[in-house]
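All values below were derived from every heavy atom in this structure, side-chain atoms included, with hydrogens, water molecules and symmetry-related copies excluded.
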Amino acid sequence: MTKSAASGRAPRLFGISDLHIAYAENRKFVDGLWPEHEGDWLIVAGDIGEVMSDVEWALRLLSERFDTVIWSPGNHELWTPRDDPNQLRGDARYRHLVELCRGLGVHTPEDPFPVWRGEGGPAVVAPLFLLYDYTFRPAGKHSKKAALDYAYETGVVCTDEVLLHPDPYATREDWCRARVALTQERLDALDPELPTVLINHWPVVREPTRILHYPEFALWCGTEATADWPARYRAAAVVYGHLHIPRTIWHEGVPYIEVSVGYPREWRRERHPSPRLRQILPAPKPA
């Protein structure tokens, strides 16, 4: 099947995330991804993999098949694992990934936001990179220290604490604040007549994390600073990953679409959806 082989309907905007192609099953799944129409766009909302060469392989493959590819980083791309020949850390690693994407023609959070003009549009498709600031805290934990202490006591601690370095910022939350301020300035400058599709690896509101089996993990899942962004920026849809709970929920009239693939062991769980592309626009209707 070639990029132009599918036909018979108007192009659509799809999303996917958490490809984790270090797993052979995941790499095979990604190798089998094709558009349904020659004009289809694809959002890749982070966590392709940890090693730079894997990220490049997947984005090159997808950019050759889909009309337009839009990427937002996840925490796994930002890790600096010992077995990656590329040992860049923090913001320098992110900037390297941005340049890699640009070389492949993939849109990043640092580029002008493209406008989707197909069905469900026009809409500004806005890939974001916001990180988290430890404000999604467990009940009764009113400081970062108290929340982290509780997470360590329960044994629920994200690997970010070891592998995601905030250089040159002092802390991850400092990096998050800088990203939020920069991104808000860009979103404020958008045409107020156009709706948006907000894309961020981490949820931009707390609501999707309410279902977590280990609620302590929410610490590494977003920031309260973006709670009003879907309303403020006229979101027609919000796309995210990270939680490995693929589903669509409606919150204050906006569809929040988690597009995660996740790990093979998760696919095998009873009632867990099979990995697939998820349609973003035209947006789903409330059930």
Side-chain angles (χ1 to χ4, degrees), residues 1-9 11-79 81 83-86 93-94 96-109 114 116 118 125 127 159 199 201 239-248 257-269 272-281:
M1 180 176 181
T2 65
K3 185 173 181 176
S4 61
S7 61
R9 64 151 179 78
R12 295 177 186 175
L13 174 62
F14 290 96
I16 203 159
S17 74
D18 298 80
L19 299 174
H20 295 294
I21 64 169
Y23 291 86
E25 298 97 321
N26 291 52
R27 183 178 285 262
K28 182 179 179 181
F29 167 76
V30 172
D31 195 36
L33 287 176
W34 288 89
E36 296 180 10
H37 186 280
E38 62 179 333
D40 286 346
W41 287 22
L42 181 64
I43 292 162
V44 183
D47 278 10
I48 295 168
E50 298 78 28
V51 177
M52 202 69 70
S53 58
D54 280 351
V55 177
E56 181 175 4
W57 174 83
L59 288 176
R60 184 181 302 278
L61 179 83
L62 296 172
S63 66
E64 290 171 352
R65 295 178 178 181
F66 286 82
D67 182 87
T68 299
V69 175
I70 302 108
W71 169 82
S72 285
N75 53 313
H76 282 242
E77 282 103 334
L78 299 173
W79 286 359
D83 60 348
D84 189 350
N86 187 318
R93 190 172 186 87
Y94 168 62
H96 182 83
L97 286 160
V98 167
E99 291 307 314
L100 184 157
C101 286
R102 286 173 171 169
L104 298 172
V106 173
H107 296 263
T108 81
W116 170 257
V125 182
T159 307
I199 304 152
H201 179 68
V239 180
Y240 67 99
H242 193 54
L243 306 185
H244 293 198
I245 309 172
R247 59 180 180 147
T248 298
I257 308 169
E258 177 164 353
V259 295
S260 298
V261 170
Y263 302 126
R265 66 178 182 270
E266 294 168 328
W267 310 348
R268 302 184 188 110
R269 292 174 184 166
H272 192 280
S274 297
R276 60 180 174 85
L277 297 177
R278 294 183 175 270
Q279 183 175 311
I280 310 303
L281 290 180

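Partners of Arg102 according to the salt bridge (charged side-chain N to carboxylate O under 4.0 Å, His left out) rule, which considers only residues two or more places apart in sequence or in another chain, are Glu99, Asp111. The salt bridge (charged side-chain N to carboxylate O under 4.0 Å, His left out) search around Arg93 returns Asp84, not counting sequence neighbours. By the ring-ring contact (aromatic ring centres under 6.0 Å, His included) test, Trp79 is found to be paired with His76, residues two or more places apart in sequence or in another chain being considered. Scanning for side-chain contact (heavy atoms from CB on, under 4.5 Å) contacts around Arg27 gives Ile21, Asp54, Trp57, with sequence neighbours left out. Residues satisfying the salt bridge (charged side-chain N to carboxylate O under 4.0 Å, His left out) criterion with Arg269, sequence neighbours excluded, are absent altogether. The salt bridge (charged side-chain N to carboxylate O under 4.0 Å, His left out) search around Glu266 returns none, not counting sequence neighbours.
For the residue pair Asp18 and His242, no side-chain donor N or O sits within less than 3.5 Å of a side-chain acceptor on the partner. Defined by atom type and a distance below 3.5 Å, a donor-acceptor pair is present between the side-chain atoms of His20 and His244.
Minimum interatomic distance between Tyr263 and Tyr23 (heavy atoms only, all atoms of both residues): CD2-CE1, 3.4 Å. Nearest heavy atoms, Leu62 versus Val69: O-CG2, 3.7 Å.
The backbone N or O of Val261 lies less than 3.5 Å from a partner atom in the side chain of Trp267, making a donor-acceptor pair. Under a 3.5 Å cut-off, the side chain of Glu258 and the backbone N or O of Arg247 do not form any donor-acceptor pair. Checked by atom type and distance alone, the side chain of Asp47 pairs as donor or acceptor with a backbone atom of Asn75 at under 3.5 Å.
Electrostatic pairing of Glu38 and Arg65 does not count as a salt bridge here, judged by no charged N lying under 4.0 Å from a carboxylate O.
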